[in-house]
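Below, each value reflects all heavy atoms present in this structure, side chains not excepted, and no hydrogens, waters or symmetry copies. This one's a predicted model, so the numbers in the text were calculated from it and none came from an experiment.
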Amino acid sequence: MGSNLLERLKKQNYHLRNFNFKLVLYVVILSVIGILMVNSATKNEVETGLLTTTVKQVIGVIGGIIIMLIVATINYRSLLRWTPVLYVVNIAVLAYLLIFADDVMGAKRWIHIPGLGTIQPSEFTKIVMIMTATVFIMKFKDKISRIGTLLLYMVVVLPPAILVLEEPDLSTTLVILFTVILALFVGGISYKWVLGVLGVMIPLAGAFLILIHQPDQTVLNMIFKDHQMERINGYFFPDEFPDQVRQQ
């Protein structure tokens, strides 16, 4: 069985010697720049553990590159077979967070694992949703522009996004939504849908910015938390919300 798998990987070029090491070089260069910037920003930090922030960053980069090389030699089609299982597990973990996780500064985003520290499941949600969108679009590629297919797509992708939003984690929710929408575009959805959505979203975005900037935000308070609205205002109106511009 092992030899058969190796042969399939060779035929499909899933082999380390066929890897584009220029890509690794680019990643290393960008990572080194990032480490230097982190080191510069934290040189005067008070050490609270065995490892400094810079050392943690270096370890993370090295580990990330090793994982990247390993994953790059795996046929992604074999990983996609596990998508339904990962999707269900992801939903279960996100629901567990909301029910059982400790509230940290008003948010339930982290799970503590003895000996390993804490993990943030929503980061894995990003990967699972990429896989979910990929499998869905592969299955319904010829019907991707039909209303029924798009409604089914929403039924699949919205539950994880809503659970992440409830943590609350607005930024990750927006990343997830942007990812699954972009997947439709890459998957070949009709440009009529793209133009239609843009025609609706652009005016709505303008109305949203006007509304969120008003003193009375009763309607938006039903959707967003106060700190989320403050951060949005800080991003679009930095002069009026200077405290939100500075990253805490």
How close do P159 and I91 get, counting heavy atoms only, and between which atoms?
CB-CD1, 4.1 Å
Residue set satisfying ring pair (Phe, Tyr, Trp, His ring centres under 6.0 Å) with F178, at least two apart, ordered chain then number -> none
Validation row: V93, I111 side chains within 4.5 angstrom (heavy atoms)
yes
Taking all non-hydrogen atoms of both residues, which atom of P121 and which atom of L94 are closest, and how far apart?
CB-CD2, 4.3 Å
Looking only at heavy atoms, what is the nearest atom pair of G187 and I144, with distance?
O-CG2, 4.4 Å
Is the side chain of S145 donor-acceptor paired with the backbone N or O of S190 at a distance under 3.5 Å, no angle test?
yes
Show your working on side-chain contact (heavy atoms from CB on, under 4.5 Å) between V180 and L184 and close with a plain yes or no.
CA-CA 7 Å; V180 296; L184 288 175; over 6 Å; no
For the hydrophobic clusters of this structure (ILVMFWY residues joined by side-chain heavy atoms under 4.5 Å, transitively), does one cluster hold both M37 and V58?
no
Do L177 and T173 have side chains that get closer than 4.5 Å, going by heavy atoms?
yes
Can you tell me how far the OG1 atom of T125 sits from the CG atom of L86, to the nearest 0.5 Å?
11.0 Å
Pairwise distance CD1(I181) to CD1(I176) - rounded to 0.5 angstrom:
12.0 Å
Going by side-chain contact (heavy atoms from CB on, under 4.5 Å), name the residues that satisfy it together with S171, two or more places apart in sequence or in a different chain.
D169
Nearest heavy-atom approach of M129 to V157 is CE-CA, 3.6 Å
Applying side-chain contact (heavy atoms from CB on, under 4.5 Å), name anything that partners I127, two or more places apart in sequence or on another chain.
M131
Please answer: with hydrophobic residues joined when any side-chain heavy atoms are less than 4.5 Å apart, are I162 and M154 in the same cluster?
yes
Going only through I, L, V, M, F, W and Y residues with side-chain contacts under 4.5 Å, is there a path from V24 to I70?
yes
Say whether I130 and L80 are linked into one hydrophobic cluster, either directly or through other cluster members, by side-chain heavy-atom distances under 4.5 angstrom.
no
How close do A183 and I137 get, counting heavy atoms only, and between which atoms?
O-CD1, 3.1 Å
Which pairs count as ring pair (Phe, Tyr, Trp, His ring centres under 6.0 Å) when at least one residue sits in residues 122-162, sequence neighbours excluded?
F136-F140, F136-Y153
With distance as the sole test, does S40 use its side chain to make a donor-acceptor pair with the main-chain N or O of L36 at under 3.5 Å?
no
By side-chain contact (heavy atoms from CB on, under 4.5 Å), which residues pair with I147, not counting sequence neighbours?
L151, W193
Would you say N90 and P160 make side-chain contact, with heavy atoms under 4.5 Å?
yes
Would you give the length of the straight line joining atom CG of L158 to atom CG of L165, rounded to the nearest 0.5 angstrom?
11.0 Å
Locate the shortest heavy-atom distance separating P168 from R109; write the atom from each residue and the value.
O-NH2, 2.6 Å
Are Y87 and V155 joined in one hydrophobic group, where the rule is that I, L, V, M, F, W and Y side chains link up if heavy atoms are under 4.5 Å apart?
no
Is the number of heavy atoms from other residues, nucleotides or ligands within 6.0 Å of NZ (K126) greater than 12?
yes
Counterpart residues, side-chain contact (heavy atoms from CB on, under 4.5 Å), relative to L98 (two or more places apart)
L163, E166, E167
Do the side chain of T149 and the main chain of K143 share a donor and acceptor less than 3.5 angstrom apart?
yes
Between OG1 of T53 and CD1 of I35, what distance do you get to the nearest 0.5 Å?
12.5 Å
